[in-house]
Amino acid sequence: KTFKFAFQGDLSSLDPHSLNESFLLATLGNVYEGLVLYGPDLEIMPGLAESWKLLTPTTWEFKLRQGVKFHGGQDFNADDVIFSWQRTLSEGSDQKVRGGQIKNITKVDDHTIVVETPAPNPILVQDLPYLLIMDKEWSEENNATNATSAAGDNTGNYANLNANGTGPFMIESHKADVKTVLKRHEGYWKDIEGNVTEVEFTPIKEAPTRVAALISGELDMVYPVPVQDWERLDDADGVSALTGPEARTIFIGFDQGRDELLYSNIKGKNPFKDQRVRAAFVHAVDLEAIKEKIMRGAATPTGLLAAPQINGFVESLNTPYEYNPEKSKALLAEAGYPDGFEVTLDCPNNRYVNDEKICQAVTSMLAKVGVKVDLLAQPKSKYFGKVLSTSGYDTSFYLLGWTPGSMDVENVLSSLIVCQDEENKRGMFNLGNYCNPKVDELTAAIGSETDQAKRTAMIEEAFKIVKDEVGYMPIHQQPIAWGVSDRVTVNQRADNGLDYRYVTVK
Amino acid sequence: MISFILKRLVQSVIVMLTVALIAFSMFRFVGDPINNMVGQDTSRADREALTERLGLNDPFIVQFGRFALNAAQGDFGFSYKFRQPVNKLILERMSATLELSFVSAVLALAIGIPAGVYTALKKKGFLSRGIMTLSLVGVSLPTFLIGILLILLFGVVLRWLPTFGRGDVVAIGGWTTGFLTVSGLKSLILPSITLALFQMTLIMRLVRAEMLEVLRTDFIKFARARGLPDRAVHFKHALKNTLVPVITITGLQLGSLIAFAIITESVFQWPGMGLLFIQAISDVDIPIMAAYLVLIAFFFVIINMVVDILYYAVDPRLRADDA
Amino acid sequence: MEQSLERTRLQRIFGSDIWYSFTHNPTAIFSAIVTVGMILAAIFAPWIAPHDPFDLATISIMDGNLPPAWSAGGDMNFLLGTDDQGRGILSTILYGARISLLVGFSSVIFSMVVGITLGLVSGYVGGRTDALIMRIADIQLSFPAILIALLVDGVARGLIPSEMHSEISIYVLIFAIGISGWVQYARTVRGSTLVEKNKEYVQAARVIGIRPFTILRRHILPNVMGPVMVIATIHLAIAIITEATLSFLGVGVPPTTPSLGTLIRIGNEYLFSGDWWITIFPGITLVVLVLAVNLLGDWMRDALNPKLR
Amino acid sequence: MDLLNINNLRIEFPSRHGTVIAVDDVTLTVQPGEVLGVVGESGAGKSTIGNAVIGLLEPPGKMTGGHVLLKQQGIDTLGPEAKRKIRGRRIGMIFQDPLTSLDPLQTIEQQLVETIDLHLKLGERKSRERAVDLLRQVGIPDPENRIKNYPHQFSGGMRQRVVIALALCAEPEVIIADEPTTALDVSIQAQILELMRRLCKDKKVGMLIITHDMGVIAEITDRVAVMYRGKLVEEGTTAKILGNPDHPYTQSLISAVPRPDIRLKRFPMVNYIEAEGERKKLLDLSTHWLGRSRDYAALDGPLLSLKNIVMTFVTKPAILKHNRVTFNAVDDVSFDINEGEVFGLVGESGSGKSTVARMICSLYRPAAGEINYIGTDLTKIRSETERDFFRRQMQMIFQDPFSSLNSRMRVMDIIAEPIRFHKLASSNREVEQIVTDLLDHVGLGAQAAVRFPHEFSGGQRQRISIARALATRPRFLICDEPTSALDVSIQAQILNLLKDLQEELGLTMLFISHDLPVIRQMCDRVGVMKTGKLVEVSATEDLFENPQAAYTRELLDLMPRLDTLSHEGLEVEQR
Ligand SMILES: Nc1ncnc2c1ncn2[C@@H]1O[C@H](COP(=O)(O)OP(=O)(O)OP(=O)(O)O)[C@@H](O)[C@H]1O
Ligand SMILES: Nc1ncnc2c1ncn2[C@@H]1O[C@H](COP(=O)(O)OP(=O)(O)OP(=O)(O)O)[C@@H](O)[C@H]1O
Ligand SMILES: [Mg+2]
Ligand SMILES: [Mg+2]
C-alpha cells in the first residue's frame, strides 16, 4: 500500500545529526530511532532501549533491545549508541545541544550502557527521542563518522544521501527537494499499526497547489493546510481537515534591555522598561478576535509561553490577559504616554501560521489605543537575520513562536525567559532581554530538580513572576492542520510530526 | 564570424565575473544563512563558529576571490542547505527548466506570430480586436493567479491534468526528460501555457505593430504588383522585415523563461532551476545563488549572441558593418 | 492653409493630426477616459473613498472577510466587501491604486528613458561602446528584480536613518523595478537602430551636419518607437504586479498599506475558502487599467505614424 | 480590339487638409503592340493612373469614378484574388521608385526566381536560368554573380533595371512603365527601350509608358497623352505632339525641352499659366534670402580636388579577409573643381558616380586617396564639430527622392531643419517664411509644408529634397540626378534657379546626370566615368563637339535626337 503526501518544506538531508529541525527529525524518525520513541501523543515509550533507571542523580542505566537489525543487516549494540552520541558532538553536527546533555557513556555489555549527565537531569529521556542511532560499522565503512556539516571538508558526506537505520522504513530513493521514496523495512523489530509499505514524499511550496493536489486525489495527505481552507476541505468530498493545537506558542516580545529603543520616536528612555506600558499593550490586544477572524476559531489563546502538551505546563496561568482598551489607555496615560508613541514591530511573513496577519491585527488594535506601530514584515531568513543574537537583537518589538525541543518547560524558561547570558548559552531567544534574577535562580534549580512535586512548584512560581511582570505578550498556540484524504487515517502529533507507523491506507 | 563568437566568449567571462562580484556584494542583504542551517536551540557560539567556517565574515571581495578561484577550476562549492555539490543540483534541475521553457517558447511563437500577422491584416476586424483584448487579460493578471485558476479548473474540477510536479521522467544519460511519458507530457501542459501566455501576447503585439508599418512600404506594394499570392507577400516579405525586434524580444524572454520562471515553477512545484533559485534566495543558500547567477549570465550572453547573429542572418544590410 | 504656418502652441496641439485622429477614434477616447478616470480616482481617493483603509485606528478586524454588500451577510458600509483585516475592498482599491499607479508608471518611464537612450547610443555608435553597453545589459539581465530590490533596499536602509525607511521604500521599489526593466527597451531599440541608421534619410541628415544626438532624437527615435510602445504598455502590468512581490519580500510598502498587487496577493490565499471578492475586484481593476493603457498605446502608435493615419 | 481601356477615371485623395483630386476624368486606350506615352507636369496624376490600373492605390486614395477594362473586361471591380491573378501575369508594373521597390532582405535571385516560378511554373533551375538571362538582357554586368547580391548593393540604375526585369519576367500582356529610365545612362536606356519595343512589336504587348524624357517619347512611343493638373489636355501621335502641339501647355512643354544640339543661355520658361501667377518670376537674388552675403574668402586653386580616391565594397562577406569578394566601385579617380564652376559627371549606370558623391560628403570613407576641400583633406577629419564648417558649405541632393526624406516629418520641418541647425534665421517666423519661399521656388505651394512626404508624387519629393539642399545657402552643391524625376517645365525652372545661383553667387556644383542635353546646358566641364574609372575630363563644348574617349563617343551617338523640335525664339549662347 502506497502513501503519498506533501509538506511545504523539504528534506534537506538524510543525515540525522545534520540539522536540528522538526520536520527533518520527525521524518528521519521513521528511518532511524532513538533509545526512546515518541508515542502517538508525544508520550515517551521504549525504543532501542527496553528500559532505563536512575542509578545516581547523574547516572542512568539503559538496557538495550536485543536482536535489532539495521536496514543493512548489521546488529544493533552498545557501540552504535556510543558512536552515535559521539557523532552528535562531532564537527558540523547540529545536535550538539542534545549530545551535550550527556557527559559520558560507558558500555557495560553489548546491550547495557550507563549514561552520565553533567548535572542532575530529571528530563534526560525527554531529550533522547531525536538523538537518533546510526550504525557504527556502516558509518566507518563509508567514512561518515562525522556529521554532515554545511561547511568545510566533509560536505558530500555519504550519510547525507544514504541512510541505514533501525526504523520501520528505509530510503528507497531521495532527490533533494524533488521527491523522496521510502519503503517498508521488513525486518523491523516490532510490528506496527499502520499497513503502509511505501511512502512517497513530495515537497510542495505553495499552499494552494498543495490543497489542490489533495482535492484532486493525487495525494493522500498534505500539510500544513492554511486555516482559511479548512472549510473548503471539509466541504470537498473525499477529503477532510485534521486539526489540533500545536505545541508551538506564538507570542510578542518587548525590548526591555536597552535604555533607548532602536526603533521608536521616544528618545532617551525605553517605554517598555515600564511595566505599565507592557500591561497597556497586552490589554489592548483582543486575542479572541484574532482567534475568530484570523485563525478561523482554530487557535487557542494563551497566557503562558508553554503549551499544554509540554511537560510542566501550568494550567492555572494559562488564562490570557483580559482585553480592555480603556484600561490600556489609562495605563498608557499613567505611564506618561497619554497619546501613545511610535514603535516598529518586526514580524516574519512565512514562518508561522498567518504570522503577518496576526501582526497586522495587533498593529491596528494598538492603533486604537494610540500606539502607532510600523510593521516590518519580512521572510524568515531576513527576519531572523535581523532579530537574533547573531545580529545583536536588532529589534524593539517582535513576534516569535516557540516549541521547546525537549518538550519540557525548562527549555522554555532557559531559552526565552532567563537573562541573556552569552557564556552559558542561556536566554539566547530572550530577544527583548526580559531579566529577573529570581527567575534565573528558579530556572537553574528546575533544571536539576529530580523531585517532580518540588519542580512543579518552582515552575509555577517562575511563570507567575513572568506573568505578573508582563514579561511577554502571549498570543496563542497555533493550530496544526493536515489535509487528509478519506482513503487514509493518520495520527497527528502535537509537534506536527508525521509518524508512518500509524498510517493506514484503506 | 568565428572571430565575432570568440570575442563574445571572452566578453562572457568578464560578464560572469562582474555578475559574481555584484552578487557577493549583495548577499549580505538577502539575509543571514545561518538560521536556515541550524536548529533553534543551536548556541550562538556554534552559530558563529559556523559563520566563521563558511568565511561569511570575510569582506565580500575576499569571498568573491575565493569563489572565482574555485569556479575557475569548475568547483562551485556545496549548497548550504542540501550539503551537496552545487553543480550537481543545478544540472539535475536544468533539464526540467529547459524542457518547460522550450515548450512554452515554441507555443508562444507558434501562436503569437500568426496571431500578430492576422491582427495586423484584419486591423479593424472583430475577431482580431477580440484576440488583442483577450491576450491582454492574460498579461494583466498575475502569473500566480492564472496558474492557480488553471490548476483549479483542469486539475481539481475537471481532473484532466496533474496539478503539480513533472510526472514520470525518463533519464537519458544525465538528462531527464518528461517528453517520453504520458504523465510527463500531461504535466507539461498547464505550466507551459501559464508561461507562454505572457510571451505570446508580447510577441503577437510586436509582430502586429511592425507589420502595420511594413505593409505600407513600396516593396510590399511592388510584391503585390508582381502578383505574388498573399501568403508569400505577408509571410515571406512582410513578416521577415518585422523580425528584428521580434527576435530581440524572443531572445530576452527565452532567457528570462530559463532563468526566472520562478513563479510558474513554484505554483506548479516544477522541479526546475527557477524553483531551486527562489528557494535558495529564501534560504540564503549563497553557493547556489552565486553559481546560478553566473550560469544565467552565461546563458544570457550566449542567447544575445545568437540573437545578434540572427540579425545578420535576417538583415543583409547589417552585415556590411561587421568585419 | 497659410494660417497653418504661424500657429500658437494651443493651435499646434488642437490643430495637430494627433489630436484630430484622437477625436475621430472612439476607442482611443474611451480608453483615455478610463485611464484618466482611474488616475484621478486614485489621486482623489481620500475624498472619494468611503473609508481610509490605511488608517489602522479606524479599521476593525471584526468586520474582516465580509462579502460584497449585495450578497448574503454583506454590509452596506463595505460595498465590495472587506479583506482579512476588515479593510473595505473598494476603499483599499482606491488607495492601493495610488501606490500601484505611482510605482507602475514611474518605473516604466524610468526604464524607458534609460533603455531607449542606451539602446540608441549603442545601436548608432556601435563598436566598443555597443559592446560595453550590451554586456552591461547582459549583466543586468542576470539579476532578477527581486535581488536588485533586496540590494537597493539594503543599501538604502544602510544609508538613511531608520525613521525614514517607510518613506523611501516606495522609491526603492520604483528604482528596483525600473532598473531591472531597461534592458528590454535597450536591446529592442538597438536592434531597430542598427537597421534605421543605414537608411538614406539618416545620411541626408548627416550631410546637413546634424549632430548624432539630434539625429537619434529627431530622426531615428520616432522610427523605432513602435516596438517600444508595445513593450512599455505591457510592462506596466508587470511592474504593478512585481511591486506586490517585492513588497511581500519586505522591501516594498508595508502590508498595512496594501497596493492593488498586494491586495490580489492577499486574495490568492482565500481563493479556496471562497472569499473571491478580495482577489477579483482588484484583479478586474488591474485588467481594465492595463487594457485601457494598451489600447491607448495602440492608437498612439498608429497616430504617430503618418502613413497609418 | 482595345487591349486596355481607361474610361473617365477619377481619383481622389481625401485628407483633413482638403481633398486632392489627383486624376480627373481621364480616358485612355492602349492597342495591342502599341506604346502609349504619358507626359505632363510632375504631380499631374500619371503614377496614380498607373497604380489605379493594377488596383494598388495608396490609401487614402480611392477611385471615385470611371472604369478600367482589360480586353473589354472590367478589372477594377474584380475581387482581390482575381485582381491578384491579373497582376504580374497579365499586367506588368514598373513603379516610379525603383530604389525602394525591392525587398531589402531578399537577394535579387530570390525575388526573380519567386516571381518567374509563380507565373511560368518553370521550376527552380529553369527559373534561375531565365532570371540570369533577363538580367543580362537588361544589361547587368556579370549577372551570374551579381544575382546573388542584395538590393542595397546595387546602384540606382541597376536596381531600376532589376525592377524592369521583374516586371517583364512573366511576359504580361500590358506593361505599365512609370519613369522606367530615369536612373539609366543613354546606352543602357537605349538597350532597355529596344528590349521593350521588341516585346511590344513581336509579342503584341501593349505598353503605357510614363516619362518626362522627350527623348524617350520620341524614341519609342506611337501615341502620346499629355496631362496637366490631373486632366488629360491633349492626345495624339508622337510626331504630332512633338511637332505641332495644339494645347498651349503642350506647346510650352515642348519648347522647354533641353536641346542636345546647342547650348542655350537660359532654359526657356514654360509660359503657359492656367491659373494666375503661380509660377515664380525671375527672382532678383541681390535682394533675396538665398542671395545673402556669404562669408567666403576668395581662394586660389581648386575648391575641391580628388586625388586617386578608391572605394572598395565587400560583395561576399567572409570571416577571413582573403576569401572575401570585394570590388572597387570607384577606382583611382582624380579631378578638380574650381570655385563657381559646374562640373558634370556622366557615365554608365553603376559606374560609381553616386559613390564618388557620397565620398565627397563623407558618407563613405575612401579606401585610399584624399579629398581636398579648400586645402583640407576631408578624409582626415575625425570630429563632427570640425566637419560642421564644411557640412554647411557642402550640400547634396540625393538620387533617390523617396528614401532620403524622413517619412515621419512634415515637409515644413524637413526643410526647416538645416536652417534651424545652422542658425541661418533669427526667428521661427522667419524660418517658416524662408521655407514657404523655397517651396515656391521649386514649384510647390505653401500648403505642401503641412503634408508628409508620402503624400507627394515622385517629382514633388525630388523638389522637396532640392529645397532642403538649398536651405543652407551652400557654397558647393552635389546634385545626384537632381531633375531625373521632373517634367521639363519644372526642370527648366529649377535648373534656371541653379544657374542663377551659380552665376550671381558663384555656387559651385558637382552635377551627376544621365541626361546629356541637361549636362550640356548646365556644365562647364564634364567627367566621364566607366566601371569606376574616369575615362575623360574636358570642357563641355569640346566633349560634345569632339569627344576623345571611345566610350564618350558611344554615349553621344546614342543620345536621342529630337530633330522635330522647332528652333525659333531660343537665344543661343555665344562663346
Ligand atoms: N497619399 C497621398 N495623399 C495625398 N495626396 C497624394 C498622395 N499621393 C499622391 N498624391 C497627390 O496626387 C497627385 C498626383 O500624384 P502622382 O504621383 O500621380 O503624380 P505624377 O504625375 O506621378 O508626378 P511625378 O511625375 O512627379 O511622379 C500629386 O499632386 C500628389 O500630391
Ligand atoms: N553597399 C554596397 N555594397 C556593395 N556594392 C555596392 C554598394 N553600393 C554600391 N555598390 C556598387 O558600386 C557600384 C557603383 O555604385 P553607384 O551607386 O556609385 O553607381 P552610379 O554611378 O551612381 O550608378 P547610377 O547612375 O545607376 O546610380 C555599383 O556597381 C554598385 O553595385
Ligand atoms: Mg509619378
Ligand atoms: Mg547613382
Side-chain angles (χ1 to χ4, degrees), chain B residues 1-9 120-125 209-247 308-323, chain D residues 50-51 53-59 80-81 83-107 110-112 114-116 118-119 149-153 163 166-167 169-170 172 176 313-321 324 402-403 407 454:
Chain B
M1 187 59 82
I2 291 172
S3 63
F4 170 78
I5 294 178
L6 288 179
K7 220 184 290 161
R8 268 306 171 81
L9 292 180
L121 295 176
K122 303 256 178 306
K123 190 157 171 259
K124 301 245 179 296
E210 289 295 282
M211 277 296 268
L212 285 177
E213 302 200 357
V214 173
L215 284 174
R216 291 305 190 82
T217 52
D218 297 321
F219 64 84
I220 291 298
K221 191 169 152 199
F222 187 55
R224 293 192 194 286
R226 282 187 277 154
L228 299 184
D230 288 351
R231 204 176 357 83
V233 175
H234 297 153
F235 288 89
K236 199 151 152 217
H237 294 279
L239 183 59
K240 197 169 176 206
N241 276 277
T242 69
L243 282 186
V244 164
V246 177
I247 292 174
D308 288 352
I309 293 177
L310 283 179
Y311 284 175
Y312 297 131
V314 168
D315 194 331
R317 288 167 296 181
L318 299 180
R319 289 173 205 163
D321 48 63
D322 162 51
Chain D
N51 295 344
V53 170
I54 54 165
L56 288 175
L57 273 175
E58 298 266 346
E81 187 53 24
K83 273 216 184 82
R84 208 210 88 223
K85 287 217 163 51
I86 291 176
R87 292 187 203 125
R89 188 75 188 87
R90 298 184 60 192
I91 304 180
M93 177 82 191
I94 301 168
F95 284 111
Q96 184 173 9
D97 44 352
L99 288 76
T100 50
S101 287
L102 297 169
D103 183 343
L105 304 191
Q106 311 259 344
T107 58
Q110 288 166 325
Q111 306 192 38
L112 273 164
E114 166 185 51
T115 321
I116 297 172
L118 171 75
H119 291 304
N149 284 172
Y150 289 89
H152 72 278
Q153 299 174 303
V163 171
L166 275 164
C169 66
I176 300 172
F313 284 114
V314 181
T315 44
K316 186 125 89 22
I319 312 127
L320 304 166
K321 283 247 177 323
R324 284 208 188 111
F402 289 83
S403 55
S407 61
H454 71 275

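Every chain is numbered from 1, with letters handed out A, B, ... down the list of sequences. Given the structure is predicted, the values throughout are model-derived calculations rather than measurements.
A distance of 10.5 Å separates NE2 of B:H237 from CG of D:L102, quoted to the nearest 0.5 Å. Distance check: D:S407 OG to B:R216 CZ gives 11.5 Å after rounding to the nearest 0.5 Å. Here the OG1 atom belonging to D:T115 is positioned 4.0 Å from the CZ atom belonging to B:R226, to the nearest 0.5 angstrom.
Of the listed residues (D:L166, D:I176, D:T100, D:D103), the greatest number of heavy-atom pairs within a distance under 4.5 Å of chain B belongs to D:D103. Ranked by non-hydrogen atom pairs under 4.5 Å with chain B, the options D:S101, D:G88, D:P59 are led by D:S101. Of the listed residues (B:D315, B:L228, B:I220, B:T217), the greatest number of heavy-atom pairs within a distance under 4.5 Å of chain D belongs to B:L228.
In plain terms, the two heavy atoms of D:P104 and B:P316 that are nearest each other are O-CG, 3.3 Å. The two residues B:A225 and D:M93 come nearest to each other via the heavy atoms CB-CB, 4.2 Å. When every heavy atom of B:G227 is checked against every heavy atom of D:R84, the shortest pair comes out as O-NE, 3.1 Å. Residues B:R224 and D:L56 share a closest heavy-atom pair of CD-CD2, 3.8 Å.
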For this session: Check the pair D:L105, B:V314 against side chain to side chain contact (heavy atoms under 4.5 Å, CB included), reporting the backbone distance first and the verdict last.
Result: CA-CA 7 Å; D:L105 304 191; B:V314 168; 4.1 Å; yes
Exercise. Yes or no on side chain to side chain contact (heavy atoms under 4.5 Å, CB included) for D:V163 and B:F222, after CA distance, side-chain angles and deciding distance?
Worked result: CA-CA 9 Å; D:V163 171; B:F222 187 55; 3.6 Å; yes
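For D:L118, the part lying near chain B is the side chain, with the backbone staying farther off; criterion is any non-hydrogen pair under 4.5 Å. Contacts between D:I54 and chain B at a heavy-atom distance below 4.5 Å involve the side chain alone, from C-beta outward. Only the side chain of D:H119 comes within less than 4.5 Å of a heavy atom of chain B; its backbone N, CA, C and O stay farther away. Only the side chain of D:E58 comes within contact range of chain B, judged by heavy atoms closer than 4.5 Å. With a 4.5 angstrom heavy-atom cutoff, B:A232 touches chain D only via side-chain atoms. If you measure heavy-atom distances from B:A223 to chain D, you find no contacts under 4.5 Å at all. Only the side chain of D:D97 comes within contact range of chain B, with heavy atoms under 4.5 Å apart.
In this structure, D:Q106 and B:K236 have side chains that are in contact, with non-hydrogen atoms separated by less than 4.5 Å.
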